[in-house]
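Taking it in order: structure first as structure tokens, then the write-up.
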Amino acid sequence: MNWLFDFTQNFTERKKWDKQTLEIDFFEGFTALKKGVKVYTKSIEGVRMETEYLTFNPPYEISIRMINKSPIFKDFVGTWEYSSNGNKETTLKITYRFNLKFPYTLVKRKVLLKIKRNITKKLLFLENHLQELGDKNSIP
């Protein structure tokens, strides 16, 4: 479980597998992840978000909250939870909680479906990348 937490929270590695995130980096002088750290992201759709880590509890959980003004979101909180079933398998659950600004409130259902698809894609990108790494490492 530790390796998946470390892998997914490593921004260098994340840039390789997370095809939905164009940019991710520290700002305000931060250089290492911990509670209170501020991180900047930009999605492939052009959505920019400045976040603060509310929770950094390796290897179990991270949570972030949006700290910038957004044309789309009133507020936004994301949680990544890692759990192990004891059989060398780790599960990653990504949850986003948010409130939309007008006029996005008028199409809330569409926004919810889009975000749900994006989470699913993000997890598939990670799974595929890990599979490719495993395949490369198994070649003599």
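For reference, positions follow the sequence shown, starting with 1. All of these numbers come straight from a predicted model, not from anything done at the bench.
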Taking all non-hydrogen atoms of both residues into account, name the closest pair between Lys122 and Trp17 and its distance. O-CZ3, 3.4 Å
With hydrophobic residues grouped by side-chain heavy-atom distances under 4.5 Å, do Met49 and Ile115 end up in a single group? yes
Hey, are Lys15 and Glu23 close enough for a salt bridge, meaning a charged N less than 4.0 Å from a carboxylate O? no
Is there a donor-acceptor pair closer than 3.5 Å between any side-chain N or O of Asp18 and the backbone N or O of Arg14? no
If the plane angle is over 60° it's perpendicular, under 30° parallel, otherwise tilted; pick one for Phe11 and Phe26. tilted
To the nearest 0.5 angstrom, please state how far the CG atom of Leu124 sits from the CD atom of Glu127. 6.0 Å
Do Thr79 and Ser63 have side-chain N/O donor and acceptor atoms under 3.5 Å apart? no
When clusters are formed by joining ILVMFWY residues with side-chain heavy atoms under 4.5 Å apart, either directly or through shared neighbours, do Val111 and Ile119 land in the same one? yes
Any luck finding a side-chain donor-acceptor pair between Glu61 and Asn57 under 3.5 Å? no
To the nearest 0.5 Å, what is the distance between CD1 (Ile64) and OG1 (Thr55)? 10.5 Å
Rounding to 0.5 Å, atoms CG (Asp75) and NZ (Lys101) come to a distance of 10.0 Å
Least distance between heavy atoms, Lys35 atom then Phe56 atom: N-CB, 3.6 Å
Close side-chain approach of Leu123 and Leu92, heavy atoms under 4.5 Å: yes
Thr91 meets the side chain to side chain contact (heavy atoms under 4.5 Å, CB included) criterion, sequence neighbours left out, with Ser83
Once the angle between the rings of Phe76 and Phe98 is folded into 0 to 90°, is it parallel (under 30°), tilted (30 to 60°) or perpendicular (over 60°)? parallel
Do Thr41 and Arg48 come within less than 4.5 Å of each other through their side chains, counting heavy atoms only? no
Do Arg109 and Val107 have side chains that get closer than 4.5 Å, going by heavy atoms? no
Walk me through whether Tyr96 and Val77 qualify under side chain to side chain contact (heavy atoms under 4.5 Å, CB included). CA-CA 6 Å; Tyr96 295 147; Val77 174; over 6 Å; no
Can you confirm whether more than 12 heavy atoms, excluding those of Lys42, are under 6.0 Å from its NZ atom? yes
Could you tell me the separation between the NE2 atom of His129 and the CG atom of Leu133, rounded to the nearest 0.5 Å? 4.0 Å
Examine Val39 and Leu22 and state if one hydrophobic cluster contains both, with Ile, Leu, Val, Met, Phe, Trp and Tyr joined whenever side-chain heavy atoms are less than 4.5 Å apart. no
If you apply the rule side chain to side chain contact (heavy atoms under 4.5 Å, CB included), what do you find for Trp3 with Leu130, and how did you get there? CA-CA 11 Å; Trp3 69 268; Leu130 292 173; 3.9 Å; yes
Looking at Pro59 and Asn2, what are the two nearest heavy atoms and their distance? CG-OD1, 2.8 Å
Look up atom CD1 in Ile94 and atom NZ in Lys116, then write down how far apart they are to the nearest 0.5 Å. 14.0 Å
Do the ring planes of Trp80 and Tyr82 sit parallel (below 30°), tilted (30 to 60°) or perpendicular (above 60°)? tilted
Take Phe30 and Tyr53 through the ring pair (Phe, Tyr, Trp, His ring centres under 6.0 Å) test and state the conclusion after the steps. CA-CA 11 Å; Phe30 290 101; Tyr53 272 69; 9.8 Å; no
For Arg65, check side chain to side chain donor-acceptor pair (under 3.5 Å) against everything at least two apart and list the hits. Glu52
Linked, directly or transitively: Phe73 and Ile44 (ILVMFWY side chains, under 4.5 Å): no
So Leu126 and Leu4, side chain to side chain contact (heavy atoms under 4.5 Å, CB included) or not? Walk me through it. CA-CA 10 Å; Leu126 174 61; Leu4 184 62; 4.2 Å; yes
For the residue pair Glu28 and Tyr40, confirm or rule out a side-chain donor-acceptor distance under 3.5 Å. no
Shared hydrophobic cluster for Leu54 and Ile24 (ILVMFWY, side-chain gaps under 4.5 Å): no
Run the side chain to side chain contact (heavy atoms under 4.5 Å, CB included) test against Ile72 and tell me which residues pass, sequence neighbours left out. Val47, Ser70, Leu100, Tyr104
Verify, without hydrogens or angle tests, whether Gln20 (side chain) and Ser43 (backbone) share a donor-acceptor contact under 3.5 angstrom. no
Just how far is it from atom OG1 of Thr51 to atom CD1 of Ile67, taken to the nearest 0.5 Å? 7.0 Å
Which is it for Glu45 and Lys114 under the side chain to side chain contact (heavy atoms under 4.5 Å, CB included) test, yes or no, and what are the steps along the way? CA-CA 11 Å; Glu45 290 134 350; Lys114 175 75 170 168; 2.8 Å; yes
